[in-house]
Amino acid sequence: MQVTETLSEGLKRGFTVTVPAAELEAKRDARLKEVAGNLNLPGFRPGKVPVSLARQRYGDAIWGEVIEQAVTDAIRTVFEERGLRPAGQPKVDLVSGQEDKGADLEFKVESEILPEITVPDLSDLALTRLKTPVADEAINKVLEDIAKRGRTFEVIEEVRPAAKGDVVAIDFVGKQDGVAFDGGTAEDVNVEIGGEGFIPGFAEQIEGMKPGEEKVITVTFPEDYGAEELAGKEATFDIKVKQLKKAVDAPVDEDLAKNMGFESLEQLKDLVRKQIEGEYDQMSRLRIKRDLLDILSNKADFPAPEGMVEAEFQQIWNRVEADRKAGQLDDEDKDKDEDTLRADYRKIAERRVRLGLLLAEIGRKNGISVSPEELGRAVRAEAMRYSGQEKEVFEFFQKNPQAAESLRGPIFENKVVDYLIELAKVTDKDVTLEELSDIPPANI
């Protein structure tokens, strides 16, 4: 094999590669012999089909296989011999020899390569872990919410206008341009005046109505409404008020706990405390991970492959564009022009690529990997997110191994982060819940 370097510019490399015709023909003949030995054709004993017949029937397909494998093997050899690691799928252009006519195979290959990454000295790594104790008030708030979900409704016998805090039992028919739309009709629906859960402006227009009254109200569905045919659209609802009710919350007591399957109220409180502690621990981990990544970002002083940065930027930008169309841009982005937004998010993309490469190198040098069991647990966890469709999700991952592989990256990153946190000198600091929740933006 003959190799000539044609490009060496930054992280870009290019080569012209020539594979001798004799080598290709030897591989083709070996493959034809293998195929002939496995053919079952009428008139021939198993394993006795002539190679010439196999070539006649499958020669073109086998030659294509040989060329493809020769290119793959040659590229791997070229990069391995020079200690280069491609940063993506190399670009290949066949020049000659792809036809089965006894000519040498010549092709050009270009690719970005991964930069030389020196793992920085992390012996002085120091981090602060924020800790927030679970207050009784937080536990009581959760218990009150649980009790509220188990509330009952008592009919108000007095005939009066509905006021804030009242629950109104209504029938309604939703219409667009005077025609009822699917899913827009219901009976005996409880609507809390001043409460949440309905389209903005819906409950507000029912306030002041009395049992027996009817009214047509007009509302506009939110832009992000689940039904695409209704999102952002105006509709009317024919409303009929049937009853006024008042909500009666269940008391937070032993009976509430037992009705939920617990032995005592104290046992229910312990579970609530552990759940809140888990949420606080997650927030604490996000904070310490952000601080760690900021430190590593300052140490990642190597160039990032442009192709990887562009791919990461496009993923980010697609989400930004979707948020912008839905009117959901962050407050700090709303007043920025597109050029400024693009520049800001390209910096974020470059930071992510640099950090990803540095974490990968740290993991590689310290023998960190993702086991099949860990990947399997991630697949199961992903499937459990789709209640009622777990089987279909499992089958999707089985049929699409590359989709399962997409779960490997986050697992690997978290394992490297855990390794670095364990390596660091960590100081615990008690803070308020507000301080714990205030996650600052990344340093870019």
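With contacts defined as side-chain heavy-atom distances shorter than 4.5 Å, the pair Leu357/Pro305 qualifies. Put simply, the side chain of Lys415 reaches to within 4.5 Å of the side chain of Glu374, judged on heavy atoms. Between Val142 and Gln275, the closest side-chain pair of non-hydrogen atoms is not below 4.5 Å. By the 4.5 Å heavy-atom criterion applied to side chains, Asn38 and Glu34 are counted as neighbours. In this structure, Leu359 and Leu293 have side chains that are in contact, with non-hydrogen atoms separated by less than 4.5 Å. Between Leu244 and Pro211, the closest side-chain pair of non-hydrogen atoms falls below 4.5 Å. For the pair Lys27/Arg31, no side-chain contact is recorded, criterion being any heavy-atom separation below 4.5 Å from C-beta on. For the pair Tyr280/Leu433, a side-chain contact is recorded, criterion being any heavy-atom separation below 4.5 Å from C-beta on.
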Check the pair Asn190 / Lys245 against side-chain contact (heavy atoms from CB on, under 4.5 Å), numbers first and verdict last. CA-CA 9 Å; Asn190 288 327; Lys245 302 178 182 180; 3.3 Å; yes
Before you tell me yes or no, could you show the steps for Gln282 and Glu279 under side-chain contact (heavy atoms from CB on, under 4.5 Å), namely the whole-Å CA-CA distance, both residues' side-chain angles and the distance that decides it to 0.1 Å? CA-CA 5 Å; Gln282 283 292 97; Glu279 293 171 5; 5.7 Å; no
Where do Leu268 and Val272 land on the side-chain contact (heavy atoms from CB on, under 4.5 Å) test, with the steps shown first? CA-CA 6 Å; Leu268 174 57; Val272 171; 4.3 Å; yes
Please assess Met283 against Thr132 for the test side-chain contact (heavy atoms from CB on, under 4.5 Å), listing each intermediate value before the final yes or no. CA-CA 10 Å; Met283 286 190 283; Thr132 299; over 6 Å; no
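Counted within 6.0 Å of CG on Asp335, heavy atoms from surrounding residues, nucleotides or ligands total 12 or fewer; the atom is thus considered open. Heavy atoms from other residues, nucleotides or ligands lying under 6.0 Å from CG of Asp188 number more than 12.
Shown here for Ile117 and Leu358, the closest heavy-atom pair between the two residues is CG2-CD1, 4.0 Å. The shortest heavy-atom contact between Lys299 and Asp121 is NZ-O, 4.1 Å.
Below 30°, between 30° and 60°, or above 60°: for Phe313 and Trp317 the angle between ring planes is below 30°, a parallel geometry.
Remark: Thr220 engages Glu234 in a side chain to side chain contact (heavy atoms under 4.5 Å, CB included) (not counting sequence neighbours). In this structure Phe202 satisfies the ring pair (Phe, Tyr, Trp, His ring centres under 6.0 Å) test together with Phe172, Phe198, Phe237, sequence neighbours excluded.
Sorted by first and then second residue, the side chain to side chain donor-acceptor pair (under 3.5 Å) pairs involving residues 300-312 (not counting sequence neighbours) are Glu310-Gln314, Glu310-Arg346, Glu312-Arg352.
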